[in-house]
*Asks:* 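Below: one structure in C-alpha cells.
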Amino acid sequence: MFHRRASASSTRRTFIGAATALAALCSFPALAANNELRVLVHSSFDLPKPLLAQFEADAGVKLSLIKAGDAGEMLNKLILTRAQPIADVVFGLDNALVAKAQAAKVLEPVTYTQGSPVTQVGTNVVAVDYGFVTLNFDKAAFAKSGLALPKTLEDLTQPVYRNLLVVPNPATSSPGYAFLLATVAGMGEEKAFDWWGRMRANGVKVVKGWTEAYYTEFSRNGGSRPLVVSYATSPAAEVFYSKEKISESPTANLFLKGGVFRQVEGVALVAGGGQREAAAKFIRFMRAGTVQQALQTSMWMYPVEAHTALADVMRHAVEPTAFDSLPAETIADKGTAWVARWTQVVLK
C-alpha cells in the first residue's frame with residue numbers, strides 16, 4: 001500500500017444491500033460516553049496520531065474513530081441508523097453523495113464559512129479536501145513501446161491502443177464510479193455509453209477495485225496495462241514512497257476531456273448526534289492549517305484552504321486545468337441507473 005485509496009478506499013462506493021449494512025452495524029457503538037466524540041469516517045481516513053491527540057487535549061474529549069468502509073457504505077449506515085445515530089460527526093461524504101445524504105435527512109445544518117465556492121460540497125457539509133480521478137500512465141512502458149500518448153478518449157478506441165487500459169468497476173469502486181461520471185459529464189450520456197461499448201471491443205480490462213487495477217494490472221507494478229484509472233496525486237505518491245531517492249515520478253497524469261472528475265469531500269454534523277460543541281470543534285480542526293498540511297501526504301488529497309503551503313512532493317501532483325463533473329442532484333438521481341447501464345454495456 002503506498003497511498004490513499006489503497007485499502008478499503010479502493011471500493012469507497014460499494015453498493016451494498018440493506019441486509020448487509022444492518023449486519024455490519026452490530027459492530028458500531030450506539031451510545032457514547034459523556035466525554036466521547038464519535039466520528040464516522042471512511043476507511044481512507046488517516047491523520048498523524050499526534051494531531052488527533054492534540055485535538056483530544058484541546059477539546060477535552062476522547063475521539064472514537066468509527067471506520068465504516070467506503071463512503072457509500074458509510075452513508076448507508078447513517079441512513080439505517082437515523083433513529084439511533086452511531087456518530088456525532090461524519091467525515092468523507094463527497095460531492096457525489098451529498099445530495100443523497102441531504103435527501104435522507106441524516107445531516108444537520110452547520111454554520112461555517114466554507115471559503116471558495118469551487119471547493120464547497122453542499123449546504124450541510126464543510127469541505128475539507130479535494131482531488132481528481134484521472135488516467136495515469138507508465139512513462140517507461142510508453143517510451144519502450146514508442147506509442148504516442150492518446151490525445152482524446154476517442155483515441156483509446158483505436159486498434160493501436162487495444163488492451164492498454166485497466167479500470168476499476170464503478171459498481172464496486174469509488175474511482176471507477178467517478179471515472180464513469182466523468183465520461184457522462186464530458187461526452188453526454190449516449191455518447192459516453194457508446195464509447196464504453198467500443199472500449200469493451202477494444203479490450204478494456206475491468207477489475208473490482210483500485211488496488212487490483214494499480215498494483216496488479218498496471219505495468220508500473222508488473223502488470224501488462226500502461227494506462228490505469230487512478231488519481232492526480234498518484235505520481236506524487238510514487239515519489240514519496242519510492243525505496244530509492246528519485247527526483248521524477250515514473251508515472252504521470254493524462255488529462256483527457258471526459259476523463260477527469262473532481263471529488264470534494266468534507267465533514268458534517270450527524271442529525272440527532274450529541275457532543276455538539278466538540279463536534280463543531282472537530283469541523284474547525286479539519287480546516288486547521290496543521291491538518292490541511294498533513295492530509296496531503298496521509299490521505300493524498302489537495303487542501304481546500306487556499307493559503308496552505310503544498311508539500312514539496314505535491315509538485316509531482318499537477319492539477320488539471322479542466323475537469324468534468326455533474327451536479328450532486330443529477331448524480332443522486334441517475335447514478336445508480338448509469339452503473340446498471342454500464343454493467344450491461346461493458347460486462348454482460
Side-chain angles (χ1 to χ4, degrees), residues 1-7 9-10 44 46 48 129-153 155-156 160-161 163-168 174-175 178-179 182 205 207 209-263 292-304 306 308-324:
M1 181 175 84
F2 81 68
H3 67 92
R4 180 183 206 264
R5 329 293 185 190
S7 57
S9 54
S10 63
S44 302
D46 182 21
D129 56 51
Y130 69 99
F132 300 91
V133 171
T134 189
L135 294 177
N136 287 180
F137 69 91
D138 179 354
K139 292 179 179 179
F142 269 90
K144 183 178 180 180
S145 70
L147 185 64
L149 288 170
K151 295 182 179 180
T152 65
L153 288 183
D155 286 349
L156 290 177
V160 69
Y161 294 104
N163 297 333
L164 297 191
L165 175 64
V166 56
V167 302
S174 174
F179 189 72
K205 184 161 191 176
V207 295
W210 176 88
T211 300
E212 184 180 351
Y214 201 91
Y215 287 108
T216 301
E217 302 298 337
F218 189 33
S219 58
R220 165 64 186 162
N221 294 305
S224 63
R225 306 273 167 152
L227 289 169
V228 62
V229 170
S230 193
Y231 296 88
T233 53
S234 294
E238 286 279 1
V239 174
F240 188 83
Y241 290 110
S242 175
K243 293 181 180 179
E244 301 176 356
K245 188 175 182 179
I246 56 177
S247 58
E248 183 179 340
S249 178
T251 67
N253 295 315
L254 189 60
F255 300 134
L256 304 180
K257 172 66 176 173
V260 184
F261 184 86
R262 185 192 66 183
Q263 178 190 43
Q292 291 284 295
Q293 185 73 40
L295 62 81
Q296 298 175 54
T297 54
S298 64
M299 293 191 281
W300 293 99
M301 295 288 273
Y302 302 96
V304 296
T308 305
L310 291 180
D312 181 65
V313 74
M314 293 293 273
R315 60 190 171 88
H316 300 283
V318 179
E319 292 190 46
T321 57
F323 54 86
D324 299 290

*Asks:* Could you walk me through whether L165 and V228 satisfy the side-chain contact (heavy atoms from CB on, under 4.5 Å) test, starting with their C-alpha distance in whole Å, then the side-chain angles of each, then the deciding distance to 0.1 Å, before giving a yes or no?
*Replies:* CA-CA 6 Å; L165 175 64; V228 62; 5.7 Å; no
*Asks:* Can you list everything that forms a ring-ring contact (aromatic ring centres under 6.0 Å, His included) with F261? Sequence neighbours excluded, please.
*Replies:*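 Once residues adjacent in sequence are excluded, F261 has no partner under the ring-ring contact (aromatic ring centres under 6.0 Å, His included) criterion.
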*Asks:* Would you say S230 and W210 are linked by a side-chain donor-acceptor pair, where the criterion is simply a distance under 3.5 Å?
*Replies:* yes
*Asks:* Please confirm whether the backbone N or O of A213 pairs with a side-chain atom of T216, one donor and one acceptor, at under 3.5 Å?
*Replies:* no
*Asks:* Please determine whether side-chain contact (heavy atoms from CB on, under 4.5 Å) holds for the pair V133 and V229, giving the CA-CA distance in whole Å, both sets of side-chain angles, and the decisive distance to 0.1 Å.
*Replies:* CA-CA 7 Å; V133 171; V229 170; 3.7 Å; yes
*Asks:* If every non-hydrogen atom of N253 is compared with every non-hydrogen atom of F137, which pair is closest and at what distance?
*Replies:* O-CE2, 3.5 Å
*Asks:* Counting only heavy atoms from other residues, nucleotides and ligands, does the tally under 6.0 Å from NZ of K205 exceed 12?
*Replies:*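 Not more than 12 within 6.0 Å, no.
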*Asks:* Picking from L135, T321, V260, what satisfies side-chain contact (heavy atoms from CB on, under 4.5 Å) with F255?
*Replies:*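 Passing option: V260.
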*Asks:* Might you point out which heavy atoms bring L254 and T134 nearest each other, and give the distance in Å?
*Replies:* O-OG1, 3.2 Å
*Asks:* Do D138 and S219 have side-chain N/O donor and acceptor atoms under 3.5 Å apart?
*Replies:*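 Yes, because at least one side-chain N or O of D138 sits under 3.5 Å from a partner of the opposite role on S219.
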*Asks:* Could you pull out all donor-acceptor pairs under 3.5 Å where a side-chain atom in residues 141-151 meets a protein atom, sequence neighbours excluded?
*Replies:*
residue : atom : partner : partner atom : Å
S145    : OG   : A141    : O            : 3.4
S145    : OG   : F142    : O            : 3.0
S145    : OG   : L147    : N            : 3.1

*Asks:* Taking all non-hydrogen atoms of both residues, which atom of A311 and which atom of T297 are closest, and how far apart?
*Replies:*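 Between these two residues, the closest heavy atoms are CB-CG2, 4.1 Å.
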*Asks:* Are E217 and V207 packed together at the side-chain level, in the sense that at least one heavy-atom pair is separated by less than 4.5 angstrom?
*Replies:* yes
*Asks:* Evaluate the side-chain contact (heavy atoms from CB on, under 4.5 Å) criterion for residues Q296 and T308: first the C-alpha distance (whole Å), next the side-chain angles of each, then the deciding distance (0.1 Å), finally the verdict.
*Replies:* CA-CA 10 Å; Q296 298 175 54; T308 305; 3.7 Å; yes
*Asks:* If you compare all heavy atoms of P235 against all heavy atoms of A232, which two are closest, and at what distance to 0.1 Å?
*Replies:*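 The answer is CD-O, 3.5 Å.
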*Asks:* Assess whether side-chain contact (heavy atoms from CB on, under 4.5 Å) is satisfied between T251 and Y214, documenting all intermediate values.
*Replies:* CA-CA 11 Å; T251 67; Y214 201 91; 4.2 Å; yes
*Asks:* Can you find a side-chain donor-acceptor pair between E319 and Y130 that sits under 3.5 Å?
*Replies:*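 The criterion, which ignores hydrogens and geometry beyond distance, is satisfied for Y130 and E319.
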*Asks:* Is it true that a side-chain atom of T152 and a backbone atom of D155 form a donor plus acceptor pair closer than 3.5 Å?
*Replies:* yes
*Asks:* Could you list the residues that satisfy side chain to side chain contact (heavy atoms under 4.5 Å, CB included) with A309, not counting sequence neighbours?
*Replies:*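 In terms of side chain to side chain contact (heavy atoms under 4.5 Å, CB included), with neighbours along the sequence ignored, A309 is linked to Q293.
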*Asks:* Taking the side chain as every heavy atom from C-beta outward, state whether F218 and R225 have any pair of such atoms under 4.5 Å apart.
*Replies:* no
*Asks:* Got a second to check how far E238's CD is from I246's CD1, nearest 0.5 Å?
*Replies:* 7.0 Å
*Asks:* What are the two closest heavy atoms between M314 and M301, and how far apart are they?
*Replies:* CE-O, 3.9 Å
*Asks:* At their closest point, which heavy atom of A236 faces which heavy atom of H316, and how far apart are they?
*Replies:*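 Heavy atoms only, the tightest pair is CA-CB, 3.7 Å.
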